[in-house]
Protein chains: 2
Amino acid sequence: MNIGEVAKRVGLPAKTIRYYEDINLVRPFRDPNGYRVFTEKDLHKLTFLSRARALGFTIEKCRALLALWEDQTRASSDVKKIARAHLEEIDRKVSDLQSMRKTLSDLMRDCAGDDRADCPILSGLGEPR
Amino acid sequence: MNIGEVAKRVGLPAKTIRYYEDINLVRPFRDPNGYRVFTEKDLHKLTFLSRARALGFTIEKCRALLALWEDQTRASSDVKKIARAHLEEIDRKVSDLQSMRKTLSDLMRDCAGDDRADCPILSGLGEPR
DNA sequence: ATGGAGGTTCCACCAACTGGAAGGTCAAGC
DNA sequence: GCTTGACCTTCCAGTTGGTGGAACCTCCAT
């Protein structure tokens, strides 16, 4: 299967798939004409990557997960460990964002938002904590 | 004031402050010896930047906010508009993360996490939606 | 044989820094 | 007056995860 068809099926841009080959996440076969030829297994791998990336796993985490995925002798605890660490990272990000949100909305609450220059948002940002 | 002292006071690495000069966010004066010399106003600006960045505003948004900050004739509504857009962006990010979180924890719930190879996380990621 | 839709490589760019090398400056101590 | 070490300078390269574009090749239908 050529790259365009693969791109359509897994929902990744062809450029991204080429990039994934560049960094050795997939190794499609090459046709004598130079075109990449993808097998079902490659498709499966790319689907895996696409889903894992959508969950926010970094490329390196994806690489580790992919290695486990291909290793029939892995222990599910190894996978769960990575997943758990990632879950904790997500939670950290959420709480970071929520604390930003609170600070920002506190600043906004006091801002009239009219045509006067006085603005607690700007003055709040300018002052050291 | 030299860059090291400024860095300590505003809590930004010296490298970052040099970078901010590079992209014209601050324009410290230069001593005849080539050293950057920062005024109180520069300090104030850098504090502003540090706080705004900590709230997740991009550099370009910071630049816009800084311009408003320096413009005594701005309307507070202009500031609030930027802040509101940013708040919405934060909310989008939070909900993206929460949906990732749900997907991941659903996958994890079914994974035994023991020494067996069977792992619903990996099989869940490999299958198209 | 020609046109257009695919494919290929390579190079440059994005954000927002960070690390490191190579070298200049300053102040203190001997 | 010289050395030492902390601090400063510039410049170049690398990070993450791609994306855009140019120049060129290949395939298929007409």
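The analysis underlying the following values was restricted to heavy atoms, covering all of them including side chains, and did not include hydrogens, waters or symmetry mates. Residue numbers begin at 1 in each chain, while the letters A, B, ... track the order of the sequences.
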Worksheet entry | Test log, rule side chain to side chain contact (heavy atoms under 4.5 Å, CB included), inputs A:Arg18 and A:Arg36 | CA-CA 9 Å; A:Arg18 286 191 198 103; A:Arg36 289 168 183 83; 3.6 Å; yes
Discussion item. OP1 or OP2 of D:dG18 versus the side-chain N and O atoms of A:Arg53: is any pair under 4.0 Å?
Written reply: yes
Worksheet item: What is the nucleic acid contact for B:Arg36, judged by heavy atoms within less than 4.0 Å: base, sugar-phosphate only, or nothing?
Response: sugar-phosphate
Worksheet, complete the sentence: Atom CZ of A:Arg18 and atom C1' of C:dG7 are separated, to the nearest Å, by 7 Å
Worksheet item: When every nucleotide of nucleotides 19-30 of chain D is labelled 5' to 3' by its protein contacts under 4.0 Å (heavy atoms), B for base, S for sugar-phosphate only, - for none, what sequence of letters results?
Response: SBB----BS---
Fill in: Whole-Å distance separating the CG atom of B:Asn24 from the P atom of C:dA15
14 Å
Worksheet item: Base, sugar-phosphate alone, or nothing: which one does B:Ile23 contact when heavy atoms must sit under 4.0 Å apart?
Response: nothing
Discussion item. Tell me whether the rings of A:Trp69 and A:Phe48 are parallel (<30°), tilted (30 to 60°) or perpendicular (>60°).
Written reply: tilted
Worksheet item: Looking at the side chain of A:Tyr20, which of C:dA16, C:dG7, D:dG18 is the nearest nucleotide?
Response: D:dG18
Discussion item. Do A:Ile23 and A:Val26 sit in one hydrophobic cluster, given that two such residues count as connected whenever their side-chain heavy atoms are within less than 4.5 Å of each other, even indirectly?
Written reply: yes
Worksheet item: Once you round it to whole Å, what is the distance between C1' of C:dC17 and CD of B:Glu60?
Response: 14 Å
Discussion item. Taking any heavy-atom pair under 4.0 Å as a contact, classify A:Phe57: base, sugar-phosphate, or nothing.
Written reply: nothing
Discussion item. Rounding to an integer number of Å, can you tell me how far B:Leu55 CG sits from C:dA16 P?
Written reply: 14 Å
Worksheet item: Donor-acceptor pair, A:Thr16 side chain versus A:Leu12 backbone, under 3.5 Å?
Response: no
Fill in: Under-4.0 Å side-chain N/O to phosphate OP1/OP2 contact, B:Arg30 with D:dT10
yes
Worksheet item: Tell me: CE of B:Met1 to C1' of D:dC8, nearest whole Å?
Response: 16 Å
Worksheet item: Do NZ/NE/NH1/NH2 and the carboxylate oxygens of B:Lys45 and B:Glu40 come within less than 4.0 Å?
Response: no
Worksheet item: What bend angle does the helix from C:dA1-D:dT30 to C:dC30-D:dG1 show across its length, from five-pair end axes and to the nearest 10 degrees?
Response: 30°
Worksheet entry | Qualifying residues under side-chain hydrogen bond (donor to acceptor under 3.5 Å, both in side chains), relative to A:Thr39, sequence neighbours excluded | A:Asp42
Discussion item. Given 3.5 Å as the limit, does a donor-acceptor pair link the side chain of A:Asn2 with the main chain of A:Gly4, or not?
Written reply: no
Worksheet item: In whole angstroms, how far is the P atom of D:dC7 from the CD1 atom of B:Ile17?
Response: 15 Å
Worksheet entry | Length of the CD-P vector between A:Glu21 and C:dC10, whole Å | 12 Å
